[in-house]
Amino acid sequence: MEEKGRENGVAAMKACYRRFDPAAYLQYNYTPPRADFTRKDSIVPWKLACLHRAFTEGDMSGELLVDIGSGPTLYQVMSGCEVFSKVLLTDFLEVNRQELRRWLQDEGQCSLDWTPYLQHVCKLEGRRPSAWTEKAAKLRQVVADILPIDVHCSQPLAPDALPSAGADCLVSCFCLESVSPDLAAFTRALGHIGKLLRPGGHLMLIGALGESYYFAGPGVKIPVVPLNEAQVCTSLKESGYTLIRLEVYTLTQDMRVGVDDVTGVFFVKAKKD
């Protein structure tokens with residue numbers, strides 16, 4: 001009965017995502033005020049700074065970076081593409097994979113202009129903002145594929161998707177807590193993606209704190225596991241990771257724009273045992 005309950009919970013979550021609207025999601029979360037590059041207290045610049053620091057500390061090695069549950073976004077691999085020579089993007093939804101393909105194939109008609117993001121990361125790297133065209137070309141060069149994924153499966157990717165040794169690094173942003181029916185499913189998903197990572201490989205995790213729902217389109221309300229910092233740390237430990245660093249961003253009042261009830265964002269850097 002318990003197994004059946006688990007399956008029903010996951011199936012209900014998957015049903016919620018049938019109406020996911022990439023363009024609306026990007027508009028809600030990746031435009032000002034949440035993506036205001038003139039402000040130090042805006043969420044997106046904070047996330048980009050965390051990722052830049054984590055990828056450039058000199059403790060990462062290898063070739064392959066896998067982004068777990070990319071959604072329709074690219075910001076999470078803009079620093080990593082300078083460290084790893086091969087990047088795989090993944091998502092459960094074909095509409096999100098299509099959105100990513102449009103940018104990678106430079107077809108135009110993208111739902112969001114990623115130029116300000118690329119310019120900001122160039123600045124973090126000590127380069128001129130005008131170097132964003134080089135960074136865009138580099139990112140398109142190193143992204144090897146965009147694959148379907150299901151973090152609720154014990155093998156989230158197709159068997160031949162990765163080298164037998166596994167990925168050298170995983171990054172995952174706002175995925176696991178947003179697709180899990182409860183904390184136990186979130187923890188299991190952390191364990192599942194860990195199977196994709198080689199021993200000693202790194203995990204970068206960004207997620208929501210205190211969030212019970214978000215809107216993924218007009219009238220499309222998706223439930224979220226409301227996490228706190230202690231739960232994140234416990235789930236990581238139970239799933240075979242050693243925490244290196246946990247950072248927390250608390251939303252200012254004007255960042256609470258009515259598309260969710262998130263109170264904070266966490267950034268984790270961890271290592272697989």
Side chain to side chain contact (heavy atoms under 4.5 Å, CB included), that's the test. Do H192 and C153 meet it? Break it down for me. CA-CA 7 Å; H192 292 161; C153 290; 5.7 Å; no
Does L147 share a hydrophobic cluster with V143, counting links as ILVMFWY side-chain heavy atoms below 4.5 Å and allowing steps through other members? yes
Quick test of your reading: applying salt bridge (charged side-chain N to carboxylate O under 4.0 Å, His left out), list the pairs with at least one residue in residues 152-173, sequence neighbours left out, ordered by first then second residue. D168-R198
Take Y214 and V262, measure what side chain to side chain contact (heavy atoms under 4.5 Å, CB included) needs, and give me the verdict at the end. CA-CA 8 Å; Y214 76 97; V262 63; over 6 Å; no
Got a second to check how far T56's OG1 is from E82's CD, nearest 0.5 Å? 11.0 Å
Rounded to the nearest 0.5 Å, the CG atom of L26 sits from the CG atom of D113 at a distance of 11.5 Å
Could you check if a side-chain atom of L104 sits within less than 4.5 angstrom of a side-chain atom of I146, using non-hydrogen atoms only? yes
Run D41 and T252 through side-chain hydrogen bond (donor to acceptor under 3.5 Å, both in side chains) and show every step you take. CA-CA 8 Å; D41 64 347; T252 59; 4.6 Å; no
Any chance you could measure L51, atom CG, to K47, atom NZ, to the nearest 0.5 Å? 8.5 Å
What pair of heavy atoms forms the shortest contact from P223 to M13, and how long is it? O-CE, 3.5 Å
In terms of heavy-atom contacts, D261 and S212 come closest through OD2-OG, 2.5 Å
Hydrophobic clustering (ILVMFWY, side-chain heavy atoms < 4.5 Å, transitive) - are I222 and V179 grouped together? yes
Do L118 and V121 sit in one hydrophobic cluster, given that two such residues count as connected whenever their side-chain heavy atoms are within less than 4.5 Å of each other, even indirectly? yes
Should D59 and K269 count as an ion pair when the cut-off is N to O under 4.0 Å? yes
Could you state the interatomic distance from NE2 (H202) to NZ (K271), rounded to the nearest 0.5 Å? 5.0 Å
Please determine which of M78, H120, K135 meets the side-chain contact (heavy atoms from CB on, under 4.5 Å) test together with E125. K135
Tell me, do Y249 and I43 make a side-chain contact under 4.5 Å, heavy atoms counted? yes
Can you check whether Y17 and F92 have ring centres sitting under 6.0 Å from each other? no
Determine, for Y241 and K272, whether the Lys NZ or Arg CZ falls below 6.0 Å from the six-membered ring centre while staying within 45 degrees of the axis. no
Distance alone, cut at 3.5 Å: any donor-acceptor contact between the side chains of S70 and D91? no
When every non-hydrogen atom of M204 is compared with those of A54, the smallest separation belongs to SD-CB, 3.8 Å
At their closest point, which heavy atom of P181 faces which heavy atom of V225, and how far apart are they? C-CG2, 4.2 Å
Mind checking whether L243 and K237 have side chains closer than 4.5 Å, heavy atoms only? no
For R245, salt bridge (Lys or Arg N to Asp or Glu O under 4.0 Å) partners two or more places apart: E57, E247
What class does the angle between the rings of W114 and Y117 fall in, given that below 30° is parallel, 30 to 60° is tilted and above 60° is perpendicular? perpendicular
At what distance, to the nearest 0.5 angstrom, does CD1 of I149 lie from CD of Q155? 10.5 Å
Y75 pairs by ring pair (Phe, Tyr, Trp, His ring centres under 6.0 Å) with which of Y30, W103, W46, F37? Y30
Residue pair P72 / L100, side-chain heavy-atom distance below 4.5 Å: no
R256 and L251 have their tightest heavy-atom pair at NH2-O, 3.4 Å
Minimum heavy-atom separation for L190 and L236, please, with both atom names. CD1-N, 3.9 Å
Within the structure provided, determine whether L64 and V66 are in side-chain contact (heavy-atom separation under 4.5 Å). yes
Any non-hydrogen side-chain atom of F174 less than 4.5 Å from a side-chain atom of V265? yes
Checking L183 against S235 for the side chain to side chain contact (heavy atoms under 4.5 Å, CB included) test, could you report, in this order, the C-alpha distance in whole Å, the side-chain angles of both residues, the deciding distance, and whether it holds? CA-CA 8 Å; L183 180 60; S235 292; 3.9 Å; yes
If the threshold is 4.0 Å, N to carboxylate O, is there a salt bridge linking D254 and R39? yes
When you check the side-chain N and O atoms of T263 and E211, is any donor under 3.5 Å from an acceptor? no
Do other residues, nucleotides or ligands put more than 12 heavy atoms under 6.0 Å from the CD atom of E63? no
Side-chain touch I68/L196, heavy atoms, less than 4.5 angstrom: yes
Within a reach of under 6.0 Å around NZ of K14, are more than 12 heavy atoms found that belong to other residues, nucleotides or ligands? yes
Check this for me, if you would: do D260 and R34 make a salt bridge, where the nitrogen-to-carboxylate-oxygen distance has to be below 4.0 angstrom? yes
One should read off an interatomic distance between S111 OG and R102 CZ, to the nearest 0.5 angstrom, of 5.5 Å
Quick one: does E177's side chain get under 4.5 Å of V224's, heavy atoms only? yes
